[in-house]
Amino acid sequence: MSAERFGGMRARIAAEAARLMYEEGVDQYFTAKRMAAKRILGAVEGRRARYRPADLPSNGEIREALLLFAERAEGSQRTRRLFALRIVALEAMRALAPFSPRLIGSVSTGHIRRGSDVDLHVFPADEEALERHVRALGWTFDRERVTLQKGGELREYVHYHVADAAPLELTVYAPRDLRARPRSSTDGKPIVRLGVAALSALCARDHPDAWERYLETGEVEGMDALLEADEDEPLPGPFDGLLDDTGSTGEDGDEPVCAEPGEEDDPDQDYDPLPGFEGAA
């Protein structure tokens, strides 16, 4: 697939992947990218599609398309919701102060979408002490242990999924990892972890009026309504119908398989063809 011939296709795939994440709840860039490629490239000249990961939009390109999608769909409501989520994060971090909480993810960067949760890293010397603390706060939570492959080795992570004004996800790390700088799967850069002071400064910079009102009253105006909006059906988006002429998911309704570890990062790997393309003419 040449850049000259398919350069515009890259942007269309990014837009469709963003729509899938925003409207259909697909929560992984890789999955959205594969689904979008299948829908769009499956209609290119009616032929089997061969492509390499390097021919597809990056996670960063999809993130920018997703941000544009959210801004057009929600307008000023999105900014107000972002502030509400940041205050949820700030108050949770204050409650978790003994465990050096740090905010990461879309709430810190501002790239929120419908269904975004608050992602916090915590660094307890004793995980049982963390669990006792969370219980003492009266929070309702589920504990999950996840095994991931990173750097060629299997690693286990513990997550606490907390039901708050907005969903919280606490990922448990050892205290020594507080100084580590893991890299983002979106752009490859070190993940920025915000402490309480940094998050407060961010709120003051990005939301000065709302921040001043919060400092005066201790409340966010309309917070419940802002966060409940995430639970409703998505509103029609501005990209609806934009890609209607590019084909559908097909009658078999099959879903793309999950990425194998390292699959997305190999720029020389060919995909021939996507799942569901095997019978294409």
Side-chain angles (χ1 to χ4, degrees), residues 21-29 31-32 66 70 73-74 77-148 156-174 177 191 193-196 198-200 202-203 207 210-211 214 217-235:
M21 296 183 77
Y22 185 84
E23 292 190 342
E24 299 186 21
V26 176
D27 61 359
Q28 297 293 328
Y29 286 108
T31 304
L66 183 58
E74 300 178 47
Q77 174 102 344
R78 181 182 165 279
T79 301
R80 295 174 57 217
R81 188 159 56 89
L82 173 59
F83 178 68
L85 287 169
R86 284 174 168 172
I87 294 302
V88 170
L90 183 64
E91 294 181 349
M93 291 166 71
R94 288 171 174 162
L96 295 167
F99 309 102
S100 305
R102 297 292 188 270
L103 175 66
I104 69 158
S106 60
V107 176
S108 66
T109 63
H111 293 87
I112 62 167
R113 58 184 174 89
R114 290 187 187 275
S116 289
D117 59 4
V118 175
D119 294 307
L120 300 177
H121 288 180
V122 289
F123 304 86
D126 175 10
E127 192 207 327
E128 291 184 1
L130 170 66
E131 185 164 335
R132 289 195 299 270
H133 186 85
V134 171
R135 290 186 186 279
L137 291 171
W139 290 356
T140 301
F141 67 90
D142 292 318
R143 182 180 180 276
E144 177 186 23
R145 184 179 295 274
V146 177
T147 302
L148 300 176
E156 286 193 343
Y157 295 90
V158 173
H159 300 267
Y160 287 80
H161 302 278
V162 179
D164 199 350
L168 306 176
E169 181 173 342
L170 314 180
T171 303
V172 179
Y173 289 86
D177 293 330
I191 291 174
R193 289 168 165 163
L194 301 181
V196 169
L199 178 55
S200 298
L202 183 66
C203 288
H207 317 274
W211 177 246
Y214 172 73
T217 66
E219 298 179 352
V220 176
E221 183 179 356
M223 175 180 277
D224 290 345
L226 287 169
L227 299 181
E228 284 173 3
D230 267 358
E231 302 174 4
D232 298 334
E233 289 295 321
L235 297 172

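Note that the structure is predicted; figures quoted are calculated from it, not measured.
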ring-ring contact (aromatic ring centres under 6.0 Å, His included): pairs with one or both residues in residues 79-107, sequence neighbours excluded: Phe83-His207, Phe99-His133

From Leu168 atom CG to Met93 atom CE, the distance as rounded to the nearest 0.5 Å: 11.0 Å

Minimal non-hydrogen separation, Leu85 against Ala166, with atom names: CD2-CB, 3.5 Å

Heavy atoms of other groups near Glu221 CD, more than 12 under 6.0 Å: no

Evaluation steps, side chain to side chain contact (heavy atoms under 4.5 Å, CB included), between Tyr160 and Val122: CA-CA 10 Å; Tyr160 287 80; Val122 289; over 6 Å; no

From Asp164 atom CG to Leu137 atom CG, the distance as rounded to the nearest 0.5 Å: 10.0 Å

Closest heavy-atom pair and its distance - Val134, Leu170: CG2-CD1, 4.4 Å

Heavy-atom closest pair, residues Glu144 and His161: OE1-NE2, 2.7 Å

Nearest-0.5 Å distance, CD of residue Gln28 to CE of residue Met21: 7.5 Å

Heavy atoms of other groups near Glu156 CD, more than 12 under 6.0 Å: yes

Leu96 side, atom CG; His121 side, atom NE2 - distance, nearest 0.5 Å: 13.5 Å

Smallest separation among heavy atoms of Asp119 and Leu103, with atom names: O-CD1, 3.4 Å

Residues that Arg135 engages under salt bridge (Lys or Arg N to Asp or Glu O under 4.0 Å), provided they are two or more places apart: Glu131

Ring geometry between Tyr157 and His159 (parallel below 30°, tilted from 30 to 60°, perpendicular above 60°): tilted

Heavy-atom pair with the smallest gap, counting every atom of Leu202 and Leu194: CD2-CD1, 3.8 Å

Verdict with supporting geometry, Arg86 and Ile112, side chain to side chain contact (heavy atoms under 4.5 Å, CB included): CA-CA 11 Å; Arg86 284 174 168 172; Ile112 62 167; over 6 Å; no

Spacing of Ile87 atom CD1 and Ser200 atom OG [to the nearest 0.5 Å]: 7.5 Å

Leu199 side, atom CG; Arg94 side, atom CZ - distance, nearest 0.5 Å: 8.5 Å

Cationic tip of Arg193 above Tyr173 ring, under 6.0 Å, 45° of axis: yes

Shortest non-hydrogen separation from Phe123 to Ala174 and the atoms involved: CD2-O, 3.4 Å

